[in-house]
Amino acid sequence: MIRAEHLTKRFGTFTAISDVSFEVERGEIVGFLGPNGAGKTTTMRILGGVFPPTAGRAVVAGYDVVKDSLRARSIVGYFPERVSLYLDLTVREYLRYVAQMKGLDGGQRRAEIDRALGSCALTHVAHRLIGTLSKGYRQRVGIAQALVGQPRVLILDEPTAGLDPEQVAEMRRLIRNLRGESTVILSTHILSEVEATCDRVIIINQGRILAVDTPRNLNQRLRQTSQIYLEVLGPTDAVARRLGAIPGVLSVEISPSPADGAAAFIVATAKDRDLRADLAACISEAQWGLQELRPVALSLEAIFLSLVNEPARPPSPEDNEVPGRLSA
Amino acid sequence: MKFLVVCRRELRSYFSSYIAYILLAVFLLLSGYFFYSDLIFFILFGGYILPTGLWQYVFLDMRLCALLVLPLLTMRLFAEEKKLGTIELLWTYPVRDGEIVMGKFLACWIFFLTMLLPTAINPLIFYHFYQFAIGPLLAAYLGIFLLGTAFIACGVFISSLTENQVVSAMATYGILVFFWFLTWNEEVADERIVHVLLRLSLFDHFYNFSRGVIDTRDVAFFALFVSLFLFLTLESLGVRKWRGVR
């Protein structure tokens, strides 16, 4: 649905992005993750048709964003990083204006405006001037204008920036509700956002793509060992010794005990070797109480840090063992 | 037809702020006052040829009012959108740059017409007392209309260059006044140069109209002037393609 091929954008001598390539399938929600100044907005502006790339090509729903700009733009709903709206219009007037700009006519326009108002929970402020609305509401109007006309592709540049936690949750719910209806690409520098809403993540830093994968696969790929967290009711040292003796276990680390009196351990095993059943069997054999047993997922935070701190290089498919300083 | 959507929104912005009304009021008050004093002058000094004795002065004065007011009208067109950042969204809608320029230009144009029409009340009252030939008056109106259109085109272009409205207005004044003073040094300049300067001067092409004469060369000049600045505006919007958006 979205295909970026070797996008490069230079402003004078400054290179904002360089050789950025990725693909987004129909119906996917993809997160564009990177620190501030990584080139997220530049990439999104190219996809949204604001300006063309210096080199490379971007295709949205089959239309080249430069050669077929008008048709590509008519498929895209765009939410800019800096939400600026015409403050002297009411919400409804503004959305009517947007609908007209997108070329919707008469009855369809009315229905679309009502739908956008509804899905962004704006119906009760539809008659108010945008200038009198709070930041959270303006942000929602920004989303609503992107949604008008049911665009097949949504480009959302930092949709949750500057919102309070409750509004953030609401915004994420709104985005998740778009799943299936639209293909969504959203940028953020907040990692939990990607984990909460996205099917796949594109990590970008200093204008280059570092990784493209699902949060889960990235997690797998960057780990040298698998880790399992255990809480056991039993004598700490004895349990640790017993667990350490299981074949395949590389190390046992004693974690700070949870409040309920159980002992907690993190067991490292060889990568891709699932020992959960063996661990459980061992505990029950010794007649200790097994409180909890779960694989430890690396946080995206850790993945991200390890990727960003590496010298930038394009990831290759056989690049499975990305070295990292990971010991969660 | 998207330029109509742009145009409507611009007009909405003009009339939802008091700026539009103030500009309108100042223009009407000044041009009304000038009409009054020019008429007194005409009667006191026993003029008897209306086009050169009255209309000429009325419209030369009205030209000054337009010069004063129109840059203040055009200054916000692009500058404000750039400053607020609303222009970024505008560029993501399926609309051509040309339609955006046309829409904004048209909005100013309509506003200018709204300013110009009520000034017709003055000659209408005059006509009630004295049935003069209306041809020369209509020619003068055509002239001020073309001149104002040229002012607007110039203002639209300058506004596309900056995001500061004051800079936008000031630079427009600068250019327009320059085109006015272009012929003021005819005493010192070479005769051949003056000839060229006269051809370029915005106001020298207006004098014929104000005296009731429609010369196609003058009409062509204004058409060219307007097209040039609208073209430059389009080019200046295209600059984002390599310079980016703030």
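Source: prediction; values computed, not measured. Residue numbering restarts at 1 for every chain, and letters A, B, ... go by the order of the sequence lines.
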Task: Among the listed options A:Gly48, A:Ser74, A:Ser84, A:Ala72, the residue most often paired with chain B at heavy-atom distances under 4.5 Å - done: A:Ser84
- [ ] Find out whether B:Phe157 and B:Leu230 are in side-chain contact, i.e. whether some heavy atom of one side chain is under 4.5 Å from a heavy atom of the other.
- [x] no
Could you look at [X] and say if it's the side chain, the backbone, both or neither that has a heavy atom under 4.5 Å from chain A?
| X | result |
| --- | --- |
| B:Arg96 | both |
| B:Glu99 | neither |
| B:Ser16 | side chain |

Task: Residue-level contacts of residues 147-156 of chain A with chain B, using a heavy-atom cutoff under 4.5 Å - done: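 Not one residue of residues 147-156 of chain A has a heavy atom under 4.5 Å from chain B.
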Task: Proximal to chain B - members of residues 49-70 of chain A, heavy-atom separation under 4.5 Å - done: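 Expected list: A:Gly49, A:Val50, A:Phe51, A:Pro52, A:Leu70.
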Residues [X] and [Y] bridged, charged N to O under 4.0 Å:
| X | Y | answer |
| --- | --- | --- |
| A:Arg115 | A:Glu112 | yes |
| B:Arg240 | B:Glu88 | no |
| B:Arg12 | A:Glu93 | yes |
| A:Glu170 | A:Arg172 | no |

- [ ] Could you tell me which portion of A:Arg10 (side chain, backbone, both or neither) has an atom closer than 4.5 angstrom to a non-hydrogen atom of chain B?
- [x] backbone
Open item on the list: Please classify the contact of A:Tyr86 with chain B as side chain, backbone, both or neither, using a heavy-atom distance under 4.5 Å.
Closed with: both
TODO: Rounded to the nearest 0.5 Å, what's the gap from CZ on A:Phe79 to CD1 on A:Ile175? Could you check?
DONE: 8.5 Å
Open item on the list: If you apply the rule side chain to side chain donor-acceptor pair (under 3.5 Å), what do you find for A:Ser21 with A:Glu5, and how did you get there?
Closed with: CA-CA 5 Å; A:Ser21 301; A:Glu5 295 168 4; over 6 Å; no
Task: Aromatic ring pairing B:Phe179/B:Phe229, orientation class (parallel under 30°, perpendicular over 60°, tilted between) - done: perpendicular
- [ ] Could you tell me how the ring of B:Phe105 sits relative to the ring of B:Trp109: parallel (under 30°), tilted (30 to 60°) or perpendicular (over 60°)?
- [x] parallel
Open item on the list: Regarding A:Gln145 and B:Tyr93, do their side chains bring together a donor and an acceptor under 3.5 Å, going by distance alone?
Closed with: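 Checked: A:Gln145/B:Tyr93 side chains pair up, N/O donor to acceptor below 3.5 Å.
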TODO: Taking all non-hydrogen atoms of both residues into account, name the closest pair between A:Leu87 and A:Arg138 and its distance.
DONE: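 Looking at all heavy atoms of both residues, the shortest contact is CD2-NH1, 3.9 Å.
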Open item on the list: Show the nearest heavy-atom pair for residues B:Thr114 and B:Pro118, with the distance to one decimal.
Closed with: O-CD, 2.9 Å
